[in-house]
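Encoded as structure tokens, the structure appears first; notes follow it.
For clarity, every value in this text was computed on a predicted model and none was experimentally measured.
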Amino acid sequence: MGIKSALPRYELYLYTAVLGVALIWAGSWIFEASSENIDRKAFKESVQPGWHYFGRKMDAADFEWMMWFSTFRNHILFALAGHVIFAKIFSLLAPKHRSLIFGVYGGLAVLVTMGWTYMALVLSHCIILYSVALVKMKWLCFAAGLSALASIKLEPYNSWQEALVTGSFDLQDVLFYGGCGFSIMRCMSFALENCDRKEGNYTFCDLLRYNFYLPFFFFGPIMTFDKFHAQVNNTQLTRKEREMWNITTKALLHLGIILVVDVFFHYLYILTIPSDMKLVAKLSDWCLAGLAYSNLVYDWVKAAIMFGVINTVARLDHLDPPQPPKCITMLYVFAETHFDRGINDWLCRYVYDYIGGDHDKIFKELLATICTFAITTLWLGPCQLVYIWSFFNCFGLNFELWVAKLFSLPPLSTIEGFMGGAMSRRIRGVFNAANFWTIILYNVLSLNSLEFAKLVGRRLIFKGFPLSTLSVLLVTYCGVQLVKERERKEALLEDPEPVKAVDGGKEKAE
């Protein structure tokens with residue numbers, strides 16, 4: 001095929017077999033741990049009665065999943081269905097004013113749900129950041145926006161603002177912080193885009209229409225103002241061939257995945273087990289590795305489904321929202337690791353790419369990543385766990401650049417030049433496998449706990465060496481090679497002429 005990095009077919013079959021057996025083996029350990037400990041006291045709160053058909057309890061430890069697809073499912077569907085109906089009617093009657101209808105419906109929905117004091121609070125953030133946007137100084141927009149974000153993330157300012165919201169219901173905290181946080185990020189996007197506008201200013205109504213688009217308001221994803229403004233004001237509301245078919249099939253796919261995840265929760269208590277450290281300490285190395293990996297896969301699935309549901313509504317409104325995050329199984333470099341593509345796009349556009357440029361200068365990359373993760377830390381809410389997560393992910397991103405720079409210098413670059421493409425790919429695969437597990441360990445601490453991440457790392461790196469360490473790396477290596485093969489084929493489909501591409505996404509070619 002003319003591509004150096006192509007591997008023999010039998011080798012890829014072997015990788016597939018090894019990976020499949022390993023996943024089944026790890027899954028059997030988790031199933032055994034789930035079944036044998038179903039009546040533990042530590043499981044009482046999070047393992048609850050499940051579907052009657054299975055006769056088993058299910059893992060209900062994730063509040064967010066249960067909120068979306070069980071507890072408040074009907075409320076969320078009612079609000080989104082109302083938006084779809086109103087949006088469709090007014091898109092047909094007055095396509096030029098559909099953005100106004102989006103904003104009015106969203107504003108009324110927020111007002112009815114959260115009350116007038118919450119609406120006044122959100123509007124105050126909008127007014128302040130709009131006023132700053134008129135000055136057209138980016139540093140001032142960042143200062144005002146980050147100060148507003150800090151006011152809802154740090155004590156005592158967040159408690160004071162939360163106390164302004166009257167009433168009490170189960171979702172109030174989630175909706176309060178979600179709505180305020182995303183509103184401030186959207187206002188910052190508006191302000192920064194207004195700074196780049198050469199003539200005149202965007203209006204305050206433009207900001208309100210952008211901010212109060214209901215599908216994105218409480219839960220995201222964030223769509224930068226430049227994209228939203230251009231798409232929502234497009235009056236040529238035509239659809240591509242088979243677009244409605246694709247929207248429908250994706251909606252049905254999301255429904256199918258929700259059902260599959262709920263079925264899995266009846267048999268694999270991947271969320272509850274890591275919270276019981278006494279039980280975790282007794283589990284095998286393979287079970288721990290499977291738990292760490294499955295937690296990240298589940299978090300990706302959850303993000304993909306929740307954003308997928310919202311994006312389905314946005315696509316019905318003729319918008320092109322941020323895509324779901326890249327599957328954790330497909331990641332072996334920090335540069336592509338994210339769980340919220342909307343936040344990732346926002347950070348890349350206004351911070352990471354703006355400071356880092358083409359990302360090949362070590363000092364500029366270091367400054368860009370520090371600034372990016374500093375804002376991310378504030379967005380997530382400063383605490384010890386977030387500090388640790390940010391530090392290690394920032395280090396991992398920079399370390400990749402340092403290693404890439406080192407291998408681009410003689411004699412290492414010369415040695416690799418003499419290798420065949422397949423051998424170069426195998427060697428890189430070994431480093432990528434190790435990098436994959438650093439991504440797992442650096443991110444699992446934010447999903448479960450620091451104690452669980454430390455225990456997994458200690459067992460797989462030190463106590464399990466060499467058998468567990470090397471066997472887990474071997475299985476990961478097989479998975480990485482299969483991912484690289486998929487990327488190689490995608491590169492050929494995009495550009496049949498063999499070209500040289502970057503290892504972080506596509507392999508080198510002749």
Side-chain angles (χ1 to χ4, degrees), residues 62-65 67-69 76 145-146 149 152-153 174-189 192 210-211 213-228 250 254 257 261 295-315 319-331 333-353 368-369 371-383 385-386 389-390 392-394 396-397 439-440 442-448:
D62 188 352
F63 167 79
E64 200 170 17
W65 179 271
M67 172 192 75
W68 265 83
F69 305 117
I76 294 172
L146 295 178
L149 188 61
I152 65 165
K153 297 293 183 179
V174 176
L175 298 183
F176 174 86
Y177 288 108
C180 285
F182 281 115
S183 290
I184 292 169
M185 297 296 277
R186 283 189 289 265
C187 288
M188 287 179 67
S189 175
L192 292 168
Y210 170 51
N211 187 53
Y213 180 67
L214 184 62
F216 295 163
F217 185 82
F218 288 111
F219 304 111
I222 291 178
M223 190 175 180
T224 54
F225 176 75
D226 59 315
K227 294 179 180 179
F228 181 87
K250 284 185 178 180
H254 294 148
I257 294 174
V261 170
N295 268 265
L296 261 74
V297 171
Y298 163 71
D299 196 64
W300 167 77
V301 170
K302 181 176 71 172
I305 294 301
M306 289 194 300
F307 290 143
V309 171
I310 294 172
N311 288 353
T312 297
V313 176
R315 288 191 178 92
L319 299 180
D320 183 20
Q323 296 300 308
K326 190 173 182 179
C327 178
I328 185 65
T329 304
M330 311 296 287
L331 298 175
V333 290
F334 279 90
E336 298 181 358
T337 304
H338 56 266
F339 293 92
D340 183 338
R341 198 181 292 269
I343 290 292
N344 183 75
D345 291 347
W346 192 101
L347 290 169
C348 286
R349 178 171 178 81
Y350 301 121
V351 184
Y352 185 59
D353 291 339
T369 52
C371 292
T372 300
F373 279 100
I375 295 175
T376 305
T377 299
L378 184 60
W379 165 252
L380 295 175
C383 65
L385 203 61
V386 174
W389 175 87
S390 293
F392 280 114
N393 280 274
C394 183
L397 198 55
I439 294 174
I440 295 286
Y442 289 174
N443 286 279
V444 78
L445 63 89
S446 65
L447 299 179
N448 298 114

Query raised in the report: With F225, which residues qualify under ring pair (Phe, Tyr, Trp, His ring centres under 6.0 Å), at least two apart?
Result: F190, Y202, Y210, H229
Requested in this report: Please name all residues satisfying ring pair (Phe, Tyr, Trp, His ring centres under 6.0 Å) with Y442, sequence neighbours left out, ordered by chain then number.
Outcome: F334, F392
Over all heavy atoms of both residues, which pair between [X] and [Y] is shortest? Give the atoms and the distance, please.
X	Y	value
L175	F218	O-CD2, 3.4 Å
P321	N311	CB-OD1, 3.3 Å
Y298	D62	OH-OD2, 2.5 Å
C371	V351	CB-CG1, 3.9 Å
L331	E336	CD2-O, 3.2 Å
W300	P325	NE1-O, 2.7 Å

Got a second to check how far [X]'s [atom1] is from [Y]'s [atom2], nearest 0.5 Å?
X	Y	atom1	atom2	answer
I375	L146	CD1	CG	5.0 Å
I310	L214	CD1	CG	9.5 Å
T372	I343	OG1	CD1	12.0 Å
I328	D299	CD1	CG	9.0 Å
I440	L296	CD1	CG	4.5 Å
K250	T312	NZ	OG1	8.0 Å

Between [Y] and [X], is there a side-chain heavy-atom distance shorter than 4.5 Å?
X	Y	value
P322	F307	no
F216	M223	yes
T369	Y352	yes
F69	V261	no
I305	W68	no
L445	L385	yes
W65	M306	no

Report task. State which residues pass salt bridge (Lys or Arg N to Asp or Glu O under 4.0 Å) with K153; sequence neighbours excluded, sorted by chain then number. Result -> none
Requested in this report: In sequence, state the C-alpha distance, the side-chain angles, and the governing distance for R349 and D226, and then conclude on side chain to side chain contact (heavy atoms under 4.5 Å, CB included).
Outcome: CA-CA 11 Å; R349 178 171 178 81; D226 59 315; 3.4 Å; yes
**Report entry** Derivation of the side chain to side chain contact (heavy atoms under 4.5 Å, CB included) call for R186 and F228
**Finding:** CA-CA 11 Å; R186 283 189 289 265; F228 181 87; over 6 Å; no
Query raised in the report: Stepwise, does the side chain to side chain contact (heavy atoms under 4.5 Å, CB included) test hold for D345 with I222?
Result: CA-CA 8 Å; D345 291 347; I222 291 178; over 6 Å; no
Requested in this report: Take W379 and F182 through the ring-ring contact (aromatic ring centres under 6.0 Å, His included) test and state the conclusion after the steps.
Outcome: CA-CA 9 Å; W379 165 252; F182 281 115; 5.1 Å; yes
**Report entry** Flag if over 12 foreign heavy atoms under 6.0 Å of NZ, K227
**Finding:** no
